[in-house]
Number of protein chains: 2
Amino acid sequence: MPRSDQSQTAILGALSIMPMTGYALREEIRDTLGHFWSESFGQIYPVLAELERKGLVERQEATDSRSSKFGITDAGVTRLRELLAEPPQAPNPRNGLMLRLFFGSQLGPEACRELVLQAREQAEAALARMEAARTEVAENGGLAQAAPYILLTVSAGEHSARAAIAWADEALADLAKLEATSSQPARGRGRP
Amino acid sequence: MPRSDQSQTAILGALSIMPMTGYALREEIRDTLGHFWSESFGQIYPVLAELERKGLVERQEATDSRSSKFGITDAGVTRLRELLAEPPQAPNPRNGLMLRLFFGSQLGPEACRELVLQAREQAEAALARMEAARTEVAENGGLAQAAPYILLTVSAGEHSARAAIAWADEALADLAKLEATSSQPARGRGRP
DNA sequence: CGCTACATGTAAGGTGTTACATGATTCC
DNA sequence: GGAATCATGTAACACCTTACATGTAGCG
């Protein structure tokens, strides 16, 4: 129920794929889960310590290195499944772009256009990352049974990015019309 | 820059449309901005008090009621425009559904299907709300110059909801295939 | 007369982020 | 030997949510 369980879920999940050091967890969570998840890195070590205390993960003394990787235990896998089975709790939305557009009449069409353009670029970049992720998952063996599920999340990212691009194009057209009509009566920047 | 500025933006923005009591702000933010914004209601009165102290809003003693509405001042409008002009900062993503699907091989196809079905229903509901909002904006005069901007955000909600539905349908099909192939070797729910 | 909605706040607790501190290893 | 990267942590702070406390107005 508490939010911190969610951090545990992400960490246990990552370790269920392969054992890792805390540092590697940072990287993996940022690079792989980053499209839809974020952990505050200040939390990773405390959570890891708690998981170790509960016997859900354990340090594996590696032979070829001094750094200790963390591996998930059987109890950890059980706990992970419990956590995953809990209903996902959506975070409260806080979309700064939408807030700005909603009060866009205070900002004016040009500034709004700029914001939408930026959003479009970000969506385009996200789409490219998703396509890269898709090929990466396809090429990487060792995810055999996980791959179809991971591709589900990649697909969600693609749909969402494409929708954002389509919306942005519409919005840009609408804003262009607004610019045209709003400058017409005042004939060049005058006040009504 | 600090996050709390965002609460100020939302509150000043709402008051720029019409003067309101703190209580009404709660309702408006929940019902109207709720699709892409949320305020913790415990923040509204403190922020309101701070805005009043800075002269950005003022209490209007209403003639017909004991409750005091808050109205935005000229300085408040100026401040609102400043705040809106700042670049929107995206909150760190935390999508519980995607987290669960990413580690879906631990959950199994049926449970994932259930999750996706729920997401689809939520998207469907969101789409219906968006369409309702669209007609509401169209019918409501008094938003004359704000209406086109508000419709931009409604359109974004529609695109996003439609994308979620399309994705869900694809995902359900994929999961159905997974269920079929995973149960095939075991021949109907048997243990491997 | 009691229930619901309106209205205004406060305080505690939990969460997450940032910045800092420290040291080992590897590569040039 | 020095720089970059790997690695582990901590502590302060900012933030948000929740629950509580309190009181009024209107309606059935």
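What you see below is based on every heavy atom in this structure, not just the backbone, and it leaves out hydrogens, waters and symmetry mates. Below, read A as the first sequence line, B as the second, and so on, with proteins coming before strands; counting in each chain starts at 1.
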Rounded distance (Å) that lies between atom C1' of D/dT18 and atom CZ of B/Arg30: 16 Å
Heavy-atom pair with the smallest gap, counting every atom of A/Glu39 and A/Gln6: OE2-O, 4.3 Å
Length of the CD-P vector between A/Gln89 and D/dC16, whole Å: 17 Å
Considering all heavy atoms, the nearest A/Ala171-A/Val116 contact: CB-CG1, 4.1 Å
Pairing residues for B/Arg120 by the salt bridge (Lys or Arg N to Asp or Glu O under 4.0 Å) criterion, not counting sequence neighbours: B/Glu124, B/Asp169
Euclidean distance, atom CZ of residue B/Phe70 to atom P of C/dC6 [Å, nearest integer]: 17 Å
Comparing B/Ala24 and B/Pro46 on DNA chain C - which has the more 5′ nearest nucleotide: B/Ala24
Whole angstrom value for the distance that separates C1' of D/dA7 from CZ of A/Arg59: 11 Å
Presence of B/Ser40 side-chain N/O under 4.0 Å of D/dT17 phosphate oxygens OP1/OP2: yes
Sequence-distant partners of A/Arg30, salt bridge (Lys or Arg N to Asp or Glu O under 4.0 Å), two or more places apart: A/Glu27
DNA chain C: 5'-proximal contact among A/Ser38 and B/Arg26 (nearest heavy atom): B/Arg26
Atom-to-atom span, CD of A/Gln8 to C1' of C/dG16 - whole angstrom: 15 Å
Nearest listed nucleotide, side chain of A/Tyr45, among D/dG9, C/dT17, D/dT17: D/dG9
Minimum heavy-atom distance B/Pro19-B/Lys69, with the two atoms named: O-CD, 4.1 Å
Phosphate contact (D/dC16 OP1 or OP2) by A/Asn92 side-chain N/O below 4.0 Å: no
Distance in angstrom units between A/Ile11 CD1 and C/dT15 C1', rounded: 14 Å
Nearest-angstrom distance from the residue atom CD1 of A/Ile44 to C1' of C/dT18: 14 Å
Shortest side-chain distance from B/Gln43, nucleotide among D/dC16, C/dT17, C/dG16: D/dC16
Under 3.5 Å, sequence neighbours excluded: what are the donor-acceptor pairs made by side chains of residues 160-167 of chain B?
from: B/Trp167; atom 1: NE1; to: A/Leu152; atom 2: O; distance (Å): 3.0

Give each protein N/O atom lying under 3.5 Å from an N/O atom of nucleotides 3-6 of chain D, with the pair distance.
from: D/dC6; atom 1: OP2; to: A/Tyr23; atom 2: OH; distance (Å): 3.1

All pairs passing ring-ring contact (aromatic ring centres under 6.0 Å, His included) where residues 76-135 of chain B contributes a residue, at least two apart: A/Phe36-B/Phe102
Below 4.0 Å: OP1/OP2 of C/dG16 and any side-chain N or O of B/Arg94: yes
Residue pairs, two or more places apart or on separate chains, that pass salt bridge (charged side-chain N to carboxylate O under 4.0 Å, His left out) and touch residues 126-155 of chain B: B/Arg134-B/Glu158
Gap between atoms CG and C1', on A/Leu51 and D/dG9 respectively (whole Å): 16 Å
Test side-chain hydrogen bond (donor to acceptor under 3.5 Å, both in side chains) applied to A/Lys54 - qualifying residues, sequence neighbours left out: A/Glu50
Listed once per pair and sorted, the ring-ring contact (aromatic ring centres under 6.0 Å, His included) pairs that draw on residues 129-153 of chain B, sequence neighbours left out: none
For nucleotides 19-23 of chain D, which of its nitrogen or oxygen atoms have a protein nitrogen or oxygen under 3.5 Å away, and what is each distance?
none

